**Q** 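Below: one structure in structure tokens.
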Amino acid sequence: VIVEARPGSETLYGCKTITQGHPLPPYDYEIEINALGRTLKTPIPQPPYIFSEHQNPPFDGFNVGITWHGHHLSFSKYRFLESEWFKKLLKIPDVRLWSLQKGECPPFMTAASMENWSETADLVSKMDLYIGVDTSVAHLCAAMGKPTWVLACQKGYHSPFFKPDI
């Protein structure tokens, strides 16, 4: 098995990877990763199935990773909160909020350096909880087995992977 991975995410999959855009070695079959379960008729694996390359010690306190908006070009109005909304969580003793929003950090959150998916996974491995909107970071947190709370708007939101509790 060889996975073609985006630059910076090669260490996440636990198998041989080729950086996207580089020549592939000879292979017998090619399949999109999203089609694997359906094609092979296998159940979706239970998390964790993505791992951090480094085993770093956890941070002190209760660490919560936060995102408050998705990519600006896709379904933004359904995946957007004001970052100030999360400030209320600081009333909980020993809570430390971490901005997992690339390039943005309000003054009441701790900034983190995340230049690629491996660095993001290293940071996520130290989190006790993720809270935020439906982003790639939310999916990474869930795939790493972290408690993941995805905040969705009341109407118009659909994901084929989640069934509402209503």
Side-chain angles (χ1 to χ4, degrees), residues 1-59 63-81 83 96-106 109-152 157-162:
V1 173
I2 300 170
V3 173
E4 185 179 25
R6 290 183 179 179
S9 67
E10 298 90 348
T11 61
L12 299 178
Y13 299 98
C15 64
K16 182 175 180 173
T17 59
I18 301 290
T19 303
Q20 199 172 37
H22 286 77
L24 295 172
Y27 56 89
D28 296 317
Y29 300 98
E30 179 180 355
I31 188 167
E32 293 286 328
I33 200 162
N34 295 2
L36 274 174
R38 184 175 54 255
T39 303
L40 300 175
K41 295 182 175 50
T42 59
I44 296 173
Q46 294 301 306
Y49 50 87
I50 291 181
F51 303 92
S52 169
E53 181 180 18
H54 303 103
Q55 295 303 316
N56 301 319
F59 297 119
N63 295 280
V64 181
I66 304 286
T67 62
W68 53 94
H69 66 77
H71 191 276
H72 293 290
L73 300 177
S74 61
F75 303 109
S76 293
K77 65 183 179 180
Y78 299 114
R79 300 184 308 149
F80 179 83
L81 293 169
S83 61
R96 184 174 181 189
L97 302 180
W98 289 82
S99 171
L100 301 183
Q101 195 74 50
K102 188 163 174 94
E104 298 180 47
C105 185
M109 289 187 196
T110 303
S113 173
M114 301 176 299
E115 296 300 319
N116 58 48
W117 281 110
S118 293
E119 289 179 7
T120 305
D122 287 345
L123 182 62
V124 165
S125 71
K126 298 179 181 184
M127 295 295 114
D128 298 299
L129 173 66
Y130 165 83
I131 304 175
V133 296
D134 185 8
T135 63
S136 55
V137 174
H139 289 265
L140 176 65
C141 292
M144 292 180 69
K146 294 296 176 177
T148 302
W149 297 359
V150 176
L151 306 173
Y157 183 83
H158 169 74
S159 172
F161 301 108
F162 302 106

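Source: prediction; values computed, not measured.
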**Q** Kindly give the heavy-atom pair with the smallest separation between A112 and S99, and that separation in Å.
**A**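 In terms of heavy atoms, the two residues are closest at CB-O, 4.2 Å.
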
**Q** Over all heavy atoms of both residues, which pair between I50 and M144 is shortest? Give the atoms and the distance, please.
**A**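 For I50 and M144, the tightest heavy-atom pair comes out as O-CG, 3.3 Å.
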
**Q** Which heavy atom of S52 sits nearest a heavy atom of A121, and at what distance?
**A**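 Taking S52 first and A121 second, the nearest heavy atoms are CB-O, 3.8 Å.
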
**Q** Heavy atoms only: give me the nearest M127-K146 pair and the separation to one decimal.
**A**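 Scanning both residues completely, I find the closest heavy atoms to be O-NZ, 3.0 Å.
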
**Q** Mind checking the CD-CG spacing from E4 to L24? Nearest 0.5 Å is all I need.
**A**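 Rounded to the nearest 0.5 Å, the CD-CG separation comes to 5.0 Å.
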
**Q** Name the one of I131, V133, D134 that satisfies side chain to side chain contact (heavy atoms under 4.5 Å, CB included) with V150?
**A**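 With V150 as partner, side chain to side chain contact (heavy atoms under 4.5 Å, CB included) holds for just one option, D134.
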
**Q** Going by side chain to side chain contact (heavy atoms under 4.5 Å, CB included), name the residues that satisfy it together with A142, two or more places apart in sequence or in a different chain.
**A**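 A142 satisfies side chain to side chain contact (heavy atoms under 4.5 Å, CB included) with T148 only.
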
**Q** Identify the two heavy atoms, one from I2 and one from P25, that lie closest to each other, and give their separation to 0.1 Å.
**A**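 In terms of heavy atoms, the two residues are closest at CD1-CG, 3.4 Å.
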
**Q** Using side-chain heavy atoms (C-beta onward) and a distance below 4.5 Å, is Y130 in contact with T135?
**A**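 Yes, close enough: below the 4.5 Å cut-off.
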
**Q** Going by the side chain to side chain contact (heavy atoms under 4.5 Å, CB included) test, name the single residue among V124, D122, V137, L100 that passes it with M114.
**A**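 Answer to the side chain to side chain contact (heavy atoms under 4.5 Å, CB included) test with M114 among V124, D122, V137, L100: L100.
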
**Q** Rounded to the nearest 0.5 Å, what separation is found between the OG1 atom of T120 and the CG atom of L140?
**A**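 Separation between the atoms: 7.0 Å.
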
**Q** Does the side chain of W68 come within less than 4.5 Å of E104's, by heavy atoms?
**A**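 They are in contact (side-chain heavy atoms under 4.5 Å apart), so the answer is yes.
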
**Q** Report the distance from atom CD of Q101 to atom OG of S83, rounding to the nearest 0.5 Å.
**A**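 Result: 9.0 Å between the selected atoms.
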
**Q** So do the side chains of S125 and F51 get within less than 4.5 Å of each other, counting heavy atoms only?
**A**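 Sidechains of F51 and S125: no contact.
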
**Q** Between V64 and D128, does the side-chain contact (heavy atoms from CB on, under 4.5 Å) criterion hold? Intermediate values first, please.
**A** CA-CA 6 Å; V64 181; D128 298 299; over 6 Å; no

**Q** Give me the atom names and distance for the closest heavy-atom approach of K102 to E115.
**A**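 For K102 and E115, the tightest heavy-atom pair comes out as NZ-O, 3.8 Å.
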
